[in-house]
Amino acid sequence: MNTWSMPTNSNDWPSAITRRTALKAGVAGGVAALAGCATDEGNGNGDVAGDRDPVDERVERQFTKSLHRGTYGMDNASWNPYDPSNEMANFDPPGLIYDPLLVHYHSHDTFQGVIADNWEDEGDSLLLELSDEWTWHNGDPVTTADIATDMDIRFRISDITSPDSPASTYIEDYEIVDDYAIRYHLRDEFTMESVLANELADDLIIINEDVGSPSFGEWRDDLMDVDADSDDATQLVSDFQEWSPEIDDVVGNGPFELEEVTDTSFVGTVYDDHPNADNIYFTEYVIEHHEDQVLAFMEESVDAIGLNLPESPDVMEQLPAHHEINRDYDHLWSILFNFGDYGWSDSPASDPTNQPITADENVRKAIACALDREQIWASVPQEYELYELPPTFLNQTAVDEGLVDIDGYDNYDVDLERATQLMEDAGYELDDGTWYDDDGEPAELELLAQSGTSVQVDALDSIQYQLNEFGFDANLNAVDEATYGESRFNGDHDLLFDNHPVFSIMGLTFVDFVWEWFSQLNHADYENEEWDVPDEIGNPDASGTMSLNVMDEIEQLHLTGEDEYLERLTWWYNQSLPMYGCVIAGDYGAIRSDEWHVDGPDELLDNRVGEFNLTKIPDGELIPYEE
């Protein structure tokens with residue numbers, strides 16, 4: 001299977017400002033602005049420690065990182081990964097003290113073994129082999145028994161709570177071959193890459209059957225013994241999910257072990273028996289809570305932040321010299337259209353009253369042709385970049401590498417004549433600058449935004465103006481967070497301006513998440529609906545049509561790994577237009593380069609949690625400079 005990468009965000013902020021200035025002030029003004037700008041090289045990647053060298057042996061130094069989810073009390077964390085509130089998944093310390101089986105470098109389509117050191121495709125099964133070098137911090141070996149305990153709990157909870165749904169899309173069953181090999185029996189002959197990416201990579205090995213009181217193993221045994229159809233089973237699951245090991249009972253297996261936990265900090269010390277311990281040249285890794293992570297980095301209160309960059313250009317200029325990490329973790333902000341299909345079984349809408357006119361494909365395309373993306377981009381905060389590709393869910397790297405030939409894909413450039421024709425095809429008539437339907441009612445559009453998210457409000461303000469100029473009766477409704485969450489799921493909108501990841505092919509094809517998530521925002525039944533699109537890919541004017549099912553195409557992509565299914569999906573996306581991409585939002589992190597030498601493969605630095613992987617993987621380097 002192929003995946004793609006997001007292009008690395010540039011810190012060449014004056015260039016970004018120049019494009020925006022040129023748009024607002026005209027070409028001459030833009031050129032004049034360019035003449036007065038110079039890139040701040042101190043904020044780019046690269047070591048800037050002067051004459052100092054990285055240390056060549058471990059020293060008594062502390063590396064500090066700001067907690068990514070900045071309001072969570074560290075001393076009250078749930079250490080049960082089955083806690084339905086999922087607090088643990090949004091909490092940094094597990095990435096410090098636990099290791100994954102392997103890392104999936106999403107934007108480079110490569111896998112890096114960590115605890116797992118070999119995997120083999122056996123057609124209808126996958127054999128995974130573990131290294132025998134990993135131990136829990138109490139000295140016990142990490143074995144397949146730990147993985148099986150986790151799988152036992154996961155599958156049993158599914159039997160009890162969702163008996164009609166499989167516990168895993170990919171894995172039918174599993175068997176321990178020996179202490180360091182486990183075989184996963186698959187539901188179908190999925191590609192190995194798909195199973196690794198969706199089931200096994202990146203997830204931390206957390207469950208140890210002896211941890212906790214009662215232990216995970218005792219909970220597992222109780223879950224196995226209870227009648228799955230009984231009320232006792234449901235109550236047992238609830239009791240288990242509300243339970244957490246005490247902090248003193250937590251045992252990790254990663255490069256750092258627990259030293260101290262307070263309500264504002266989490267301290268880990270090097271675990272000397274970790275396979276990568278010899279490559280760690282400092283003694284303590286500290287995660288701290290800061291209300292404003294970027295400010296903490298700006299004031300040099302911490303050595304690293306995991307995400308939250310770029311900020312506005314004036315803030316970027318005040319940051320210390322730094323290395324970029326997690327630099328491909330980008331999101332595309334798009335116009336999401338409401339299709340108004342509220343009748344399918346998993347629809348989140350409750351007694352919806354809004355029947356969106358965007359249910360008509362011609363109206364969606366007319367809106368796209370009436371909008372100027374550059375005007376939208378010029379309206380949002382300056383750290384955003386213009387998305388200049390046709391709607392496909394692709395990024396520039398995917399296009400450059402030829403995963404899909406987008407020649408002939410509709411870019412929906414500003415074309416008011418075409419937009420007018422599309423509205424007429426949809427049954428609307430323009431009268432005195434306003435569009436009316438067959439009943440003489442104006443063509444109304446409800447634009448929904450979260451008032452506290454400036455990019456939503458700013459972009460939709462521009463969109464509202466442009467659509468009203470074209471003849472729609474567009475209303476912008478900016479509401480609080482709770483109302484926004486409820487209204488978008490209930491369908492109280494025609495347009496949203498929301499974001500989604502574009503850092504890998506999996507952003508388009510996560511079977512269990514992304515399109516199920518979008519179905520609830522678009523109010524479209526992607527699983528059961530058949531979609532007709534032109535039957536000649538790259539030719540919107542083809543005389544014939546072909547019918548496809550989105551989830552079936554995704555399944556075939558995961559079964560075969562063939563790019564033809566990606567091509568069909570992107571063509572469907574381009575022609576059905578569930579979303580219209582406008583601006584790219586970078587979301588990368590940073591490590592101070594005046595105090596820390598950082599090096600590693602691009603795959604490691606481009607992808608998520610580089611600040612942790614630099615300490616787990618032998619070819620990563622996070623080394624302090626000599627004092």
Side-chain angles (χ1 to χ4, degrees), residues 76-91 94 98 100-101 115 124-126 128 130 136 138 140-188 195 198-200 202-253 345-346 348 511-513 516:
N76 294 314
S78 171
W79 290 92
N80 179 0
Y82 287 94
D83 181 344
S85 64
N86 212 25
E87 295 288 7
M88 190 175 184
N90 290 331
F91 190 47
Y98 297 109
L101 288 170
I115 297 177
D124 59 355
S125 64
L126 186 150
L128 190 79
L130 309 186
W136 295 94
N138 61 9
D140 293 342
V142 176
T143 69
T144 51
D146 302 308
I147 298 173
T149 298
D150 191 10
M151 297 290 287
D152 288 345
I153 293 173
R154 172 184 169 190
F155 275 58
R156 188 57 173 168
I157 288 177
S158 177
D159 289 341
I160 295 170
T161 61
S162 305
D164 297 326
S165 301
S168 164
T169 301
Y170 297 88
I171 297 173
E172 179 82 37
D173 202 355
Y174 47 93
E175 61 172 312
I176 293 179
V177 178
D178 57 40
D179 285 348
Y180 296 100
I182 184 170
R183 178 174 287 111
Y184 299 99
H185 298 280
L186 306 179
R187 295 188 174 277
D188 211 328
V195 179
N198 287 282
E199 285 283 355
L200 303 178
D202 300 320
D203 287 342
L204 302 169
I205 302 303
I206 294 173
I207 299 297
N208 181 313
E209 67 177 348
D210 296 326
V211 164
S213 180
S215 68
F216 281 110
E218 290 173 313
W219 282 108
R220 185 251 339 260
D221 293 343
D222 289 345
L223 288 165
M224 290 297 185
D225 290 342
V226 73
D227 180 357
D229 297 327
S230 68
D231 291 340
D232 288 344
T234 302
Q235 184 61 51
L236 184 60
V237 169
S238 178
D239 291 344
F240 169 61
Q241 291 177 332
E242 293 175 0
W243 165 86
S244 172
E246 296 295 328
I247 190 68
D248 291 339
D249 294 333
V250 171
V251 179
N253 52 44
S345 59
D346 292 330
V511 176
D512 284 338
F513 175 67
E516 290 184 4

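Values below: all heavy atoms of this structure, side chains included; hydrogens, waters and symmetry mates excluded.
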**Student:** Kindly say whether S168 contributes a backbone atom to a donor-acceptor pair with the side chain of R187 at under 3.5 angstrom?
**Tutor:** yes
**Student:** The test is side-chain contact (heavy atoms from CB on, under 4.5 Å); show your working for L130 and L101 and say whether it passes.
**Tutor:** CA-CA 8 Å; L130 309 186; L101 288 170; 3.6 Å; yes
**Student:** I'd like to know if the side chain of T149 and the backbone of G217 have a donor-acceptor N/O pair within less than 3.5 Å.
**Tutor:** no
**Student:** Quick one: pull up CD in E172 and OG in S125 and give me the separation to the nearest 0.5 Å.
**Tutor:** 12.5 Å
**Student:** Ring-plane angle category for F155 and Y174, please: parallel below 30°, perpendicular beyond 60°, tilted otherwise.
**Tutor:** perpendicular
**Student:** Between D146 and T143, is there a donor-acceptor pair closer than 3.5 Å when you use the side chain of the first and the backbone of the second?
**Tutor:** yes
**Student:** Pair up each side-chain donor or acceptor in residues 157-165 with any protein partner under 3.5 Å, not counting sequence neighbours, and list the distances.
**Tutor:**
unit_1 : atom_1 : unit_2 : atom_2 : d
T161   : OG1    : I157   : O      : 2.8

**Student:** Indicate the atoms forming the closest heavy-atom contact of I176 with D178, along with that distance.
**Tutor:** CG2-O, 3.2 Å
**Student:** Would you mind reporting whether I207 and P81 have side-chain heavy atoms less than 4.5 Å apart?
**Tutor:** yes
**Student:** Walk me through it: do M151 and I171 pass the test side-chain contact (heavy atoms from CB on, under 4.5 Å)?
**Tutor:** CA-CA 10 Å; M151 297 290 287; I171 297 173; 4.1 Å; yes
**Student:** Carefully, step by step, assess Y184 and V195 under the rule side-chain contact (heavy atoms from CB on, under 4.5 Å).
**Tutor:** CA-CA 10 Å; Y184 299 99; V195 179; 5.8 Å; no
**Student:** Less than 4.5 Å apart, side chain to side chain, heavy atoms only: is that true for F240 and N80?
**Tutor:** yes
**Student:** Take atom CG in D231; do more than 12 heavy atoms of anything else shown fall under 6.0 Å from it?
**Tutor:** no
**Student:** Got a second to check how far E199's CD is from T169's OG1, nearest 0.5 Å?
**Tutor:** 6.5 Å
**Student:** Do any N or O atoms from the side chain of T144 and from the backbone of I147 form a donor-acceptor pair under 3.5 angstrom?
**Tutor:** no
**Student:** Between D227 and R156, which heavy-atom pair has the shortest distance, and what is it?
**Tutor:** C-NH2, 4.5 Å
**Student:** Which distance, rounded to the nearest 0.5 Å, do you find between the OG of S213 and the CG of D248?
**Tutor:** 12.5 Å
**Student:** Quick one: list whatever passes salt bridge (Lys or Arg N to Asp or Glu O under 4.0 Å) with E175, sequence neighbours left out.
**Tutor:** R183
**Student:** Quick check: do L204 and N253 have side-chain heavy atoms less than 4.5 Å from each other?
**Tutor:** no
**Student:** Say you draw a straight line from CG of D239 to CG of L223; how long is it, rounded to the nearest 0.5 Å?
**Tutor:** 10.0 Å
**Student:** What pairs with F216 under ring pair (Phe, Tyr, Trp, His ring centres under 6.0 Å), at least two apart in sequence or on another chain?
**Tutor:** W243
**Student:** Does any part of the side chain of I206, heavy atoms only, come nearer than 4.5 Å to the side chain of D150, both counted from C-beta?
**Tutor:** no
**Student:** Between W136 and D210, do the side chains contain an N or O donor and an N or O acceptor separated by less than 3.5 Å?
**Tutor:** no
**Student:** Between Y98 and V250, does a side-chain contact (heavy atoms from CB on, under 4.5 Å) hold up when you go through it step by step?
**Tutor:** CA-CA 11 Å; Y98 297 109; V250 171; 3.4 Å; yes
**Student:** How long is the straight-line distance from OH of Y170 back to CG of N198, given to the nearest 0.5 Å?
**Tutor:** 3.5 Å
**Student:** Look only at the side chain of D232 and the backbone of V226, and say whether a donor-acceptor pair between them is shorter than 3.5 Å.
**Tutor:** no
